[in-house]
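Notes for the one structure printed next.
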Amino acid sequence: MNEHVTNGASGLGGRLPLLSPDALDEEQRALHARLQVTRLRSADGAGYMAALSDGRLIGPFNVMLRGPRIARPLLEWAQAIAGSGIPVDVREVVILTVAAHWQAEYALYAHTAGAERAGVPGTAIAALRRGGTPRGLRAEAGTAHRVAVALVRDHQVPDELYAEAVAVFGAEGLVALVNLIGQYLNTCALLACFQVPAPAPHRAAAPTA
């Protein structure tokens, strides 16, 4: 695998310099192309940055390019979760809950935009970003938030909350929800290890907004 890099002035790669598209090997190029038509298109729709104008990827996507054989099945997993029927506002609330507990700047930045687009109230978004208790969520999203907190912080789901979650989502829906939490535990771990920032001016505000 080629590891020719272009540092640029952005510093958006964290510990990993951003990879220039013209320096990618064959597997990396294939992954880059796939990300452009899937994840980067979603980023454009939600209003956050996932690539620079010269084609270099930022966020977790630059990290993924270092391991395309691992990234491919992870993307299949993510697509399966996205197609499971989790409501968009529930999805964004869960992701912000996980990202706040990890203080994952880029995930907080990106999914604040996603939550706003999904209609999550601004006061709830601010509370989620602080790791606090959000108010004004739909009932489904509130339940999903509590499940995410239970798993990320306490590493267990109490019987009463489990019963509530099954009543709200059904067993199959709860499986999808737990997989979504797991997906973003993986993403936040990558962001944390490689110290991937949010684009300025979002960096300083990301943990506490």
Side-chain angles (χ1 to χ4, degrees), residues 39 42-43 45-48 59-60 63 70 73-193 196 198 202 205-209:
R39 311 301 286 181
S42 297
Y48 64 89
V63 179
I70 295 173
L74 285 175
L75 290 172
E76 296 289 346
W77 182 40
Q79 286 183 315
I81 295 167
S84 67
I86 298 172
V88 179
D89 63 329
V90 172
R91 172 182 171 82
E92 297 300 334
V93 164
V94 164
I95 295 169
L96 285 177
T97 302
V98 177
H101 279 275
W102 279 75
Q103 296 188 355
E105 289 187 6
Y106 183 87
L108 286 167
Y109 152 71
H111 291 281
T112 290
E116 290 170 348
R117 190 173 181 85
V120 179
T123 54
I125 293 172
L128 287 164
R129 286 166 60 102
R130 292 192 300 269
T133 300
R135 301 187 184 279
L137 299 177
R138 291 193 313 111
E140 284 179 285
T143 299
H145 166 71
R146 291 192 295 276
V147 171
V149 170
L151 287 172
V152 174
R153 185 189 66 193
D154 304 327
H155 307 150
Q156 60 178 333
V157 179
D159 290 343
E160 183 177 352
L161 178 56
Y162 173 78
E164 176 186 337
V166 170
V168 171
F169 298 105
E172 183 176 352
L174 183 54
V175 168
L177 192 74
V178 172
N179 272 276
L180 176 62
I181 294 165
Q183 177 193 343
Y184 277 86
L185 286 171
N186 174 273
T187 298
C188 289
L190 292 174
L191 295 172
C193 180
V196 178
H202 305 278
T208 57

Passes side-chain contact (heavy atoms from CB on, under 4.5 Å), Thr133 versus Val149? Steps please. CA-CA 10 Å; Thr133 300; Val149 170; over 6 Å; no

CG/Leu190 to OH/Tyr106 distance, rounded to the nearest 0.5 angstrom? 13.0 Å

Listed pairs under 3.5 Å, donor-acceptor, residues 156-167 side chains, sequence neighbours left out:
unit_1: Glu164; atom_1: OE1; unit_2: Arg146; atom_2: NH2; d: 3.4
unit_1: Glu164; atom_1: OE2; unit_2: Thr143; atom_2: OG1; d: 2.6
unit_1: Glu164; atom_1: OE2; unit_2: Arg146; atom_2: NH2; d: 2.3

How far apart are the closest heavy atoms of Leu128 and Pro134, and which atoms are they? CD2-CG, 3.7 Å

Please confirm whether the backbone N or O of Leu108 pairs with a side-chain atom of Arg129, one donor and one acceptor, at under 3.5 Å? yes

Distance-only, no hydrogens or angles: does the Arg135 side chain make a donor-acceptor pair with backbone N or O of Thr123 under 3.5 Å? no

Tightest non-hydrogen contact, residues Gly59 and Leu191, listed as C-CD2, 4.1 Å

Is there a side-chain contact between Arg39 and Pro60 in this structure, where contact means two heavy atoms from C-beta onward sitting under 4.5 Å apart? no

Ile86 and Phe169: side-chain contact (heavy atoms from CB on, under 4.5 Å), yes or no, with the steps? CA-CA 9 Å; Ile86 298 172; Phe169 298 105; 5.8 Å; no

side-chain contact (heavy atoms from CB on, under 4.5 Å) for Val88 and Arg91? Distances and angles first, verdict last. CA-CA 5 Å; Val88 179; Arg91 172 182 171 82; 5.5 Å; no

Rounding to 0.5 Å, atoms CH2 (Trp77) and CG (Leu180) come to a distance of 9.0 Å

How close do Ile125 and Ala115 get, counting heavy atoms only, and between which atoms? CD1-CB, 3.7 Å

Heavy-atom nearest pair, Cys188 first then Ala104, reads SG-CB, 3.7 Å

Minimum-distance pair of heavy atoms, taken over all atoms of Pro87 and Arg138: CB-NH2, 3.7 Å

Would you say Ser84's side chain and Ile81's backbone share a donor-acceptor pair under 3.5 angstrom? yes

For the student: nearest non-hydrogen atoms of Leu96 and Ala107, plus distance: CD2-O, 4.5 Å

Checking side-chain hydrogen bond (donor to acceptor under 3.5 Å, both in side chains) between Thr97 and each of Glu92, His145, Arg153, which is the one that passes? His145

To the nearest 0.5 Å, how far apart are CG in Leu185 and CG in Asn179? 11.0 Å

Aromatic ring pairing Tyr48/His111, orientation class (parallel under 30°, perpendicular over 60°, tilted between): tilted

